[in-house]
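Letters go in sequence order (proteins before strands), and every chain restarts at 1.
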Amino acid sequence: MEKTFEPQSIEKQCYQQWEDAGLFKASGEGQPYSILLPPPNVTGSLHMGHGFQQTIMDALTRYHRMKGDDTLWQVGTDHAGIATQMVVERKLNAEGKTRHDLGRETFIDKIWEWKEQSGGTITSQMRRLGTSPDWDREVFTMDDNLSNAVTEVFVKLHEDGLIYRGKRLVNWDPVLHTAVSDLEVLNEEEDGHMWHMRYPLADGSGELVVATTRPETMLGDTAVAVHPEDERYQHVIGKEIKLPVTGRLIPVIADDYVDPEFGTGCVKITPAHDFNDYEMGKRHNLPMINVLTADARLNDEVPEQYRGMDRFDARKQIVGDLDASGHLVKVDKHKLNVPRGDRTGAVIEPYLTDQWYVAVESLAKPAIEAVESGEIRFIPENWNKTYYQWMHNIQDWCISRQLWWGHRIPAWYDNDNNVYVGRTEEEVRSKHGLDASVALRQDEDVLDTWFSSALWPFATMGWPEQTPELDKFVPSSVLVTGFDIIFFWVARMIMMTKKFTGKIPFKDIYITGLIRDESGDKMSKSKGNVLDPIDLIDGIELDALVAKRTSGMMQPQLAEKIAKRTRKQFPDGIQAYGTDALRFTFVSMASTSRDINFDMGRVEGYRNFCNKIWNASRFVLMNTEEHDTGRDGGEMTLSLADRWIWAKFQQTLKDFEKALGDYRFDLAAQTVYEFTWNQLCDWYLELTKPVLNNDASSDAEKRGTRHTLINVLEHTLRLLHPFMPFITEEIWQRVMPLSAVKTDASSIMVQPFPQQDAALLDEKVLNDIEWVKKFIVGIRNIRGEMDISPNKPLNALLKNVSDEDSHRLDAAKGFLDKLSKLESVTVLQADEKAPPSATALVGEMEILIPMAGLIDKDAELARLTKAIDKVQKDLSRTEGKLANEKFVSNAPDAVIEKERAKLEDGRKQMEKLNEQVETIRSL
RNA sequence: GCGUCUAUAGCUCAGUUGGUUAGAGCGCUACCUUGACAUGGUAGAGGUCCCCUGUUCGAAUCAGGGUAGACGCACCA
């Protein structure tokens, strides 16, 4: 094996072999276990969030596959209507064209072209990450079978009266020229103004002052409202206002909605351009005057001088005109929430249009119950509150989009605008008896992307066909996703899957945190703090990284700052850490917290961990290759250390599986890291040396230790495999032939996961080695603090040796001599006097290292004083507790027992330490 | 306005139903090229567990109230 681990040399080849061998497919045997990949944007590329979540999904998939489950990770991509259309449109714009220049058909062809060209990016990046979904089942939301499912669902919901078409106020994105759902609108507080305007009464008897943040909407005002009990305005209710600028007459109405305390207590009402006003308009049968065009210019409903003006230009103009005519009272600065489209950032306008809606109330009910009953479980649990809050207040879902890229709505209109819904035009014609003489045209709109995503759990399994997969893999075992799409996606999947299959879509919903940069900022292009998972795997030169972060920016003026920051943070670019290190970093960061600050230091640490595994394996192979490892039998004697490492392995395995069951990947990672590095490498490998490098060891002893070495490593590789697939595969291929494993299988990934075996968890052995460790550490400690070279052999004297100590000493003598470099160990008799020494305590046994010529008196005194302080501190606490009668009478016996033992222990230690101090002082 | 979350070492984070000497990684200090590994080893330093009050024999952990921050939903023109 190479001296250092070089991931890039093995990963790609390894993956290819797995995929070629068809190892990612469900086995068809065992309990079904399945995970749905949240379909990424087909033309997107992998970001840290994907890397994070997919690593988790892959770890679960690999784990369950090894456990023998019938494991399917269903993969696929999403057409991402708005996002994809925007990308292609932007490319067109760069050529000086718009989609309208091309026309619908040609434009859609262009998008398909773009999909062909860049559609493989994210799936090939997933392969770099080592993910193991069943690629043969990969689907795309616009594939025929998924599109059929979409149509089927639309038609059925329409038949059930749960999809309807209606003219309503919607959130309109004037850049995209489409309606968007409530969820796609972000409200942010921004600085704005409040304009106070004077509205004269038509009869000349006075005026009312109204205030607005959007003065241009006054052109569409159809009333002024006051509170019905507002004494100031009783006399004007029912009178008419002569609307400035337009001269239109509008009524003064009374409505509870008006807050008399706010402003003047008079509100201008614009039903066609404000959601609250719209409701009031309906209550009072007010006319609804739409004054805007689709791109938010003023339309022909307004006085001529404003027609065709952009809404914000018109705002200035109108304010100016009102001022000039004396209708402007004042302008105040005002903070307000501005609704913006989540894709475009454009200010959203409430806009009166015909759209398709899903009536969600009846769908929401079973979806809420599924979570309330515990059938579906959120992890962490508190997310169900977020879910309930939204579901209990859910509004009908506007599903039509005035886009071209997506599933076209299966509805047709005749020339009288009668609407017919059906799977095809033929079906519509035959169902409604419309012959060829009736011209039909299909609805121009497409469906919200999330409409098709909502069907993911069953559409990917072949629905509406009744397939075996539908039976087996619905519900799936766990959904791994971010909290940002609980409403967009998770809730809607639950509703749709319940409605169309009667089943829940998944049992567990594991909500991951959001990956942020090292200081907690969201990673974004404009902040220039984005990390590409592939760059962490392969490494990237500084210049290339800077170029990447500063190219294609929406705000090029930020480029310089970003370049500077990047050069400062990564003066040497980013090293190639390899996939396994990155994956281990991801799992180790997956705690319950909502934000995860990505720390490069962790990746480096886990790269070192990979290297550690690599080198430990080199050691094992060096000592087992061309040796008898007992693979084919032969007498074996296991050393204390051999039995101990198996016990430790079992402990680790148990903790690991518990953590994984709780979705605590961080704890699972920590457990295996601690075992591998601190137990296996730091102790066990060292403890094999006294056996293997000792001519006095018997063949059976050597065979036993070699057998343990190779097989514990083999087990550890399988334990680590779900998190670190590549390095474990690479090493396993060399280790397996020496181990007890006899298999035809070509890969570790289809080996069984290690089995828990309580019989190996030998408490006595665990305690014995703890004693050995304490012994060795005690001596190392003396060396460290006394400045005695680690190489200098020492003679140790032992005092106060119990029978147990004595047994342990016999069993572990070889370990002790070697690991703490002892020339001799002498047990002192009870009455024997010891020479002045440095001391370490192992329980009650004293290790004495005679000081003659070695040890500095003051240093030893200082060391002892420190030890005494520590013990004393503890002792006083314990004494205090036990002296407290309330403690003794209230605390559980076990706790009291523990404290008593501690007290006794502490006292004995104190005694020994004090004796030592006396001895040293008397020198 | 309603709801959720966070605060522990210089940094990034763990800490199970209340009982630990409050831990890990990175960083820091000293020593060590010992035949797996300097991407390493050994030993160490480093904490007012955000603040206050309470419950309790006992609180990082539970309750109440603050402070600072993050987020979601709904919003008064």
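- Contact check on A:Asp662 versus A:Arg664 returns no salt bridge, with no Lys/Arg side-chain nitrogen under 4.0 Å from an Asp/Glu carboxylate oxygen.
- Contact annotation: A:Asn623 side-chain N/O to B:rG35 OP1/OP2 distance is not under 4.0 Å.
- OP1 or OP2 of B:rG40 has not a single side-chain nitrogen or oxygen of A:Asn615 nearer than 4.0 Å.
- Ion pairing between a basic and an acidic side chain is recognised when a charged N comes within 4.0 Å of a carboxylate O; A:Arg734 and A:Glu730 show such pairing.
- Distance, A:Asp595 CG to B:rA14 P: 11 Å, rounded to whole Å.
- Between the C1' atoms of B:rA22 and B:rU48, the separation comes to 14 Å (whole Å).
- Using N1 to N3 plus N6-O4 or O6-N4 for Watson-Crick, or N1-O2 and O6-N3 for G-U wobble, each under 3.5 Å, B:rU12 pairs with B:rA24.
- Counting atom types as modelled, A:Arg780 pairs no side-chain N or O with a base atom of B:rU42 as donor and acceptor under 3.5 Å.
- Atom pair A:His392:NE2 and B:rC2:P shows a separation of 19 Å (rounding to whole Å applied).
- Of all nucleotides present, only B:rC73 satisfies the Watson-Crick or G-U wobble test against B:rG1, with each distance under 3.5 Å.
- Checking A:Glu518 against A:Lys658, the closest nucleotide of RNA chain B that is more toward the 5' end is the one next to A:Glu518.
- Across the strands present, B:rC50 finds its partner in B:rG66; the criterion is a Watson-Crick or G-U wobble pair with both atom distances under 3.5 angstrom.
- A straight line from CG of A:Leu514 to P of B:rG72 spans 10 Å, rounded to a whole angstrom.
- B:rG69 and B:rC26 have their P atoms separated by 33 Å, given to the nearest Å.
- Remark: P of B:rG40 and CH2 of A:Trp677 are 5 Å apart, rounded to the nearest angstrom.
- Base pairing of B:rG40 is made with B:rC32, judged by Watson-Crick or G-U wobble geometry with both donor-acceptor distances under 3.5 Å.
- Between A:Phe487 and A:Trp390, the ring planes lie parallel to each other; the angle is under 30°, not in the 30° to 60° tilted range.
- Judged by distance alone, with hydrogens and angles left aside, the side-chain atoms of A:Trp614 form no donor-acceptor pair with the main-chain N or O of A:Glu6 at under 3.5 Å.
- The partner of B:rC57 is B:rG19, by the rule that a Watson-Crick or G-U pair needs both atom distances under 3.5 Å.
- Between A:Asn597 and the phosphate of B:rC13, there is a side-chain N or O to OP1/OP2 separation shorter than 4.0 Å.
- The nearest whole Å value for the distance from the CD1 atom in A:Ile779 to the P atom in B:rU42 is 16 Å.
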